[in-house]
Amino acid sequence: YLLSQMPADIPKVLLRGIVSAEIQELARKNQSERKNWVVFSGTHEGTQGLEQLIVAWRRLDLSDWELHLAGSGPLTPILKEMSKGDDRIVFRGVLNRQENARLLCQARIGMNPQDITKVPGSVFAFKIVEYLAAGLHVITTPRGALEPELEQGVSYISNNTPEAIATMLNSAIRERRFMQDAQDAAFRSYGPMV
């Protein structure tokens with residue numbers, strides 16, 4: 001979407017970001033040590049879909065899975081109140097790069113249930129690429145086109161209603177979609193130079 005706004009005769013390239021060296025260092029080490037964790041890492045604010053995620057999570061009977069929420073923001077107190085009594089929901093607070101990489105590389109699924117944008121591709125959450133590089137399967141609302149080699153590690157939800165989130169989470173876990181990742185492709189496209 002962004003590149004399409006430039007005149008055709010101007011050379012262009014889009015670089016969404018670079019995956020941290022911390023993720024690269026830990027990603028391959030922890031493959032056998034993955035836990036049944038679903039993770040969100042980012043700012044706890046209104047457009048992230050976190051209230052819907054917690055409602056969805058509480059509807060699911062996933063006693064051997066945990067939802068880990070890293071980060072902080074204006075919604076954190078509301079999210080904690082919504083989560084009371086459910087010990088399957090873990091708040092991690094603000095993490096440094098090493099701690100965040102460790103969390104991502106221990107989990108199986110990364111969540112990005114952001115609100116749908118009016119123009120797909122006008123906003124892209126780089127956390128999707130970080131999740132993929134950490135070896136997570138990603139569940140997200142549409143964020144714009146991804147490279148085809150990254151798509152195998154992504155499951156899309158058409159919207160971020162609790163029903164859509166719960167259905168996809170249940171499906172991804174029951175069908176073991178978390179075994180489908182795009183880690184190598186994410187590092188080839190967005191990894192730090194070694």
Side-chain angles (χ1 to χ4, degrees), residues 1-4 12-43 47-50 53 65-71 92 94-117 119-158 160 165 168-169 171-173 175-194:
Y1 171 76
L2 294 174
L3 294 178
S4 71
K12 45 197 163 284
V13 65
L14 174 65
L15 181 61
R16 293 181 169 119
I18 302 290
V19 173
S20 75
E22 289 83 1
I23 290 176
Q24 184 174 31
E25 179 184 328
L26 293 172
R28 289 181 173 53
K29 291 181 183 177
N30 291 341
Q31 289 300 327
S32 63
E33 300 171 20
R34 299 265 175 194
K35 296 181 170 93
N36 289 342
W37 291 355
V38 175
V39 67
F40 170 87
S41 180
T43 305
T47 64
Q48 297 294 334
L50 297 176
L53 175 59
W65 282 77
E66 294 178 357
L67 173 62
H68 289 249
L69 301 169
R92 295 297 197 104
V94 177
L95 305 176
N96 66 33
R97 286 168 45 142
Q98 187 72 26
E99 293 165 335
N100 191 60
R102 194 173 303 113
L103 171 66
L104 297 183
C105 292
Q106 289 179 309
R108 293 189 184 274
I109 296 174
M111 290 297 304
N112 185 54
Q114 289 181 311
D115 290 352
I116 301 291
T117 56
V119 180
S122 61
V123 176
F124 183 84
F126 190 70
K127 76 176 80 201
I128 293 170
V129 175
E130 288 180 321
Y131 290 168
L132 291 170
L136 302 177
H137 187 78
V138 176
I139 296 175
T140 184
T141 50
R143 308 308 319 153
L146 270 176
E147 293 83 351
E149 59 273 17
L150 296 179
E151 291 286 342
Q152 74 177 15
V154 180
S155 293
Y156 290 99
I157 48 178
S158 59
N160 64 356
I165 294 168
M168 182 56 75
L169 267 169
S171 174
I173 290 170
E175 296 170 11
R176 300 181 58 81
R177 284 193 212 167
F178 53 83
M179 300 303 287
Q180 299 170 344
D181 67 54
Q183 186 176 48
D184 292 337
F187 277 122
R188 277 193 306 275
S189 297
Y190 297 102
M193 296 303 222
V194 215

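Heavy-atom basis, side chains included; hydrogens, waters and symmetry copies ignored.
The closest donor-acceptor contact from the side chain of Y156 to the backbone of I139 lies at 3.5 Å or more, if one exists at all. In this structure a side-chain-to-backbone donor-acceptor pair under 3.5 Å is missing from K127 to N112. Under the 3.5 Å distance criterion, the side-chain polar atoms of Y190 are left unmatched by any main-chain donor or acceptor of F126. Put simply, the side chain of Q106 never gets that close to the backbone of E33: no donor and acceptor are under 3.5 Å apart. When atom types are taken as modelled, the side chain of R34 and the backbone of A107 share a donor-acceptor pair closer than 3.5 angstrom. In terms of modelled atom types and a separation under 3.5 Å, the side chain of E99 and the main chain of N96 share a donor-acceptor contact.
Between S41 and Y131, the shortest heavy-atom contact is N-OH, 3.0 Å. Heavy-atom minimum distance, D181 versus G135: CB-O, 3.8 Å. F187 approaches A133 most closely through the heavy-atom pair CE1-O, 3.2 Å. Pairing each heavy atom of S158 with each of P142, the nearest pair is O-CD, 4.5 Å.
E66 meets the salt bridge (Lys or Arg N to Asp or Glu O under 4.0 Å) test with no other residue; sequence neighbours excluded. Checked against salt bridge (Lys or Arg N to Asp or Glu O under 4.0 Å), R188 has no partners two or more places apart in sequence or in another chain. By the side chain to side chain donor-acceptor pair (under 3.5 Å) test, S155 pairs with H137, R177, sequence neighbours left out. T47 is linked by a side chain to side chain donor-acceptor pair (under 3.5 Å) to E45, counting only residues two or more places apart in sequence or in another chain. Partners of F178 by ring pair (Phe, Tyr, Trp, His ring centres under 6.0 Å), not counting sequence neighbours, listed by chain and number: W65. A search for side chain to side chain contact (heavy atoms under 4.5 Å, CB included) contacts involving T141 returns Q114, I116, R143, I157, N160, not counting sequence neighbours.
Distance check: L53 CG to Q48 CD gives 11.0 Å after rounding to the nearest 0.5 Å. If you take CG on L104 and CH2 on W37, they are separated by 10.5 Å, rounding to the nearest 0.5 Å. Between Q180 atom CD and E151 atom CD the span is 12.0 Å, to the nearest 0.5 Å. Here the straight-line distance linking atom CG of L132 with atom CD1 of I23 works out to 10.5 Å at 0.5 Å rounding. Interatomic distance, CZ of R92 versus CG of N100, reported as 10.0 Å (0.5 Å rounding). Rounding to the nearest 0.5 Å places CG of L136 at 12.0 Å from CD1 of I128.
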Assess whether side-chain contact (heavy atoms from CB on, under 4.5 Å) is satisfied between V138 and M111, documenting all intermediate values. CA-CA 6 Å; V138 176; M111 290 297 304; over 6 Å; no
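At a threshold of 4.5 Å between non-hydrogen side-chain atoms, the residues R102 and L26 count as touching. E149 has its side chain within reach of S189: a pair of non-hydrogen atoms, C-beta onward, lies under 4.5 Å apart. The closest side-chain heavy-atom distance from I109 to I173 is below 4.5 Å.
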